[in-house]
K.L.:
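Here's a structure for you.
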Amino acid sequence: MEAILAACDLEFTYPDGTLALRGLSLEIERGEKVAVLGPNGAGKSTLFLHFNGIFRPRRGKILWQGREVRYDRSFLAALRQKVGIVFQDPDSQLFAASVFQEVSFGPLNMGLPREEAKRRVERALAVTGIEDLKDKPTHFLSYGQKKRVCIAAVLAMDPEVLVLDEPTASLDPLLSEQITGLMEEINRVGKTVVISTHDVDLAYSWADRIFVMKGGQLLAGGRPEEVFLQPQVVRQAGLTLPWILEVYLELRRRGWSLGPRPPRRKEDLWACLPSASQAFGQLFRPANG
Ligand SMILES: Nc1ncnc2c1ncn2[C@@H]1O[C@H](COP(=O)(O)OP(=O)(O)O)[C@@H](O)[C@H]1O
Ligand SMILES: [Mg+2]
């Protein structure tokens, strides 16, 4: 299958000379849920800003559906309709006076007819649960509300790929869960979702595939259990084990038979735990069967 987005041998330097990406390559498949992990300064945000052409690589290239991204106006305008980015800091994204204006900007700017734009805005406000806020000035909103406005503004453009830079950072647990649910929902209707996060539990349970970055390079990529079962990757990237995987490994070490595949979600872990009587059965089963 052809990747929807790919980075090929990407190298990027900031004006002050910081080399933020050093020959990074990765591919994102259509419809995937991807999490990018890595310590602060690994280059995650810098990579994300390449995905819709905000940054232009010094070397290497970005491919959109196999075509090399060009940096002329018309290519970039088209790319930005397909790839929507939600920045980590909502204040660096919000600019309009009211929530409604903020979320309408994209669709109107795309030249959609007013009615169609309005429909999209209303849908985006509904999906993110902020209909009540539509007439509010954005600068009076709480952090979590601002975050949802930013997501709504990107959804209203109806992009094929949604890129969210640390979407759950500094959110309270309930809101964090809501945003995670929203990402699941968005993926279910066919969008490719790419996030960066420091939350190993979220990455492990939610993502189809994980990439681990460090020092502007890729340390590892693969299915969540593949990535987290490489101790040197976990160590080098300063990660910790997701709690579900840690419990699974510890129980196995203690001789529980839990099946060969590590569970990804807590429900899967519960499902593979024997009941007390089954566990005793395992212990006291007569040697001859
Ligand atoms: N505007 C900037 N000017 C100079 N260096 C920057 C700038 N933004 C980020 N960097 C540097 O680029 C590297 C990668 O940063 P970043 O992409 O923000 O990492 P991450 O998102 O993984 O924390 C770091 O060394 C960081 O200090
Ligand atoms: Mg960052």
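First listed ligand is number 1; within each ligand, the first listed atom is number 1. For the single chain, residues carry numbers from 1 onward in sequence order.
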K.L.:
Around the Mg ion (ligand 2), what protein N, O or S atoms are found below 2.8 Å?
P.N.:
Ser45 OG
K.L.:
For the residue pair Leu37 and Phe228, establish whether any side-chain heavy-atom pair is separated by less than 4.5 Å.
P.N.:
yes
K.L.:
Begin with the C-alpha distance, continue with both residues' side-chain angles, and end with the deciding distance and a verdict on side-chain hydrogen bond (donor to acceptor under 3.5 Å, both in side chains) for Asp72 and Ser74.
P.N.:
CA-CA 6 Å; Asp72 56 83; Ser74 71; 3.1 Å; yes
K.L.:
Can a salt bridge be assigned to the pair Asp9 and Arg59 using a cut-off of 4.0 Å between side-chain N and carboxylate O?
P.N.:
yes
K.L.:
Would you call the rings of Phe55 and His50 parallel, tilted or perpendicular, taking 30° and 60° as the class edges?
P.N.:
perpendicular
K.L.:
Would you call Glu267 and Arg265 a salt bridge, using N to O less than 4.0 angstrom?
P.N.:
no
K.L.:
Could you measure the distance from the CG atom of Leu21 to the OH atom of Tyr14? Nearest 0.5 Å is fine.
P.N.:
7.5 Å
K.L.:
Under a 4.0 Å N-O cut-off, is there an ion pair linking Lys118 with Glu122?
P.N.:
yes
K.L.:
For the CZ atom of Arg22 and the CG atom of Leu218, what is their distance to the nearest 0.5 Å?
P.N.:
14.0 Å
K.L.:
Are any of the side-chain nitrogens in Glu184 or Lys33 under 4.0 Å away from the carboxylate oxygens of its partner?
P.N.:
yes
K.L.:
I'd like the atom pairs linking ligand 1 to the protein - N or O on both sides, separation under 3.5 Å - with distances to 0.1 Å.
P.N.:
residue: ligand 1; atom: 17 (O); partner: Thr46; partner atom: N; Å: 2.9
residue: ligand 1; atom: 17 (O); partner: Thr46; partner atom: OG1; Å: 2.4
residue: ligand 1; atom: 19 (O); partner: Gly43; partner atom: N; Å: 3.1
residue: ligand 1; atom: 21 (O); partner: Ser45; partner atom: N; Å: 2.9
residue: ligand 1; atom: 21 (O); partner: Ser45; partner atom: OG; Å: 2.8
residue: ligand 1; atom: 22 (O); partner: Ala42; partner atom: N; Å: 3.2
residue: ligand 1; atom: 22 (O); partner: Gly43; partner atom: N; Å: 3.0
residue: ligand 1; atom: 22 (O); partner: Lys44; partner atom: N; Å: 2.9
residue: ligand 1; atom: 22 (O); partner: Lys44; partner atom: NZ; Å: 2.7
residue: ligand 1; atom: 23 (O); partner: Gly41; partner atom: N; Å: 2.7

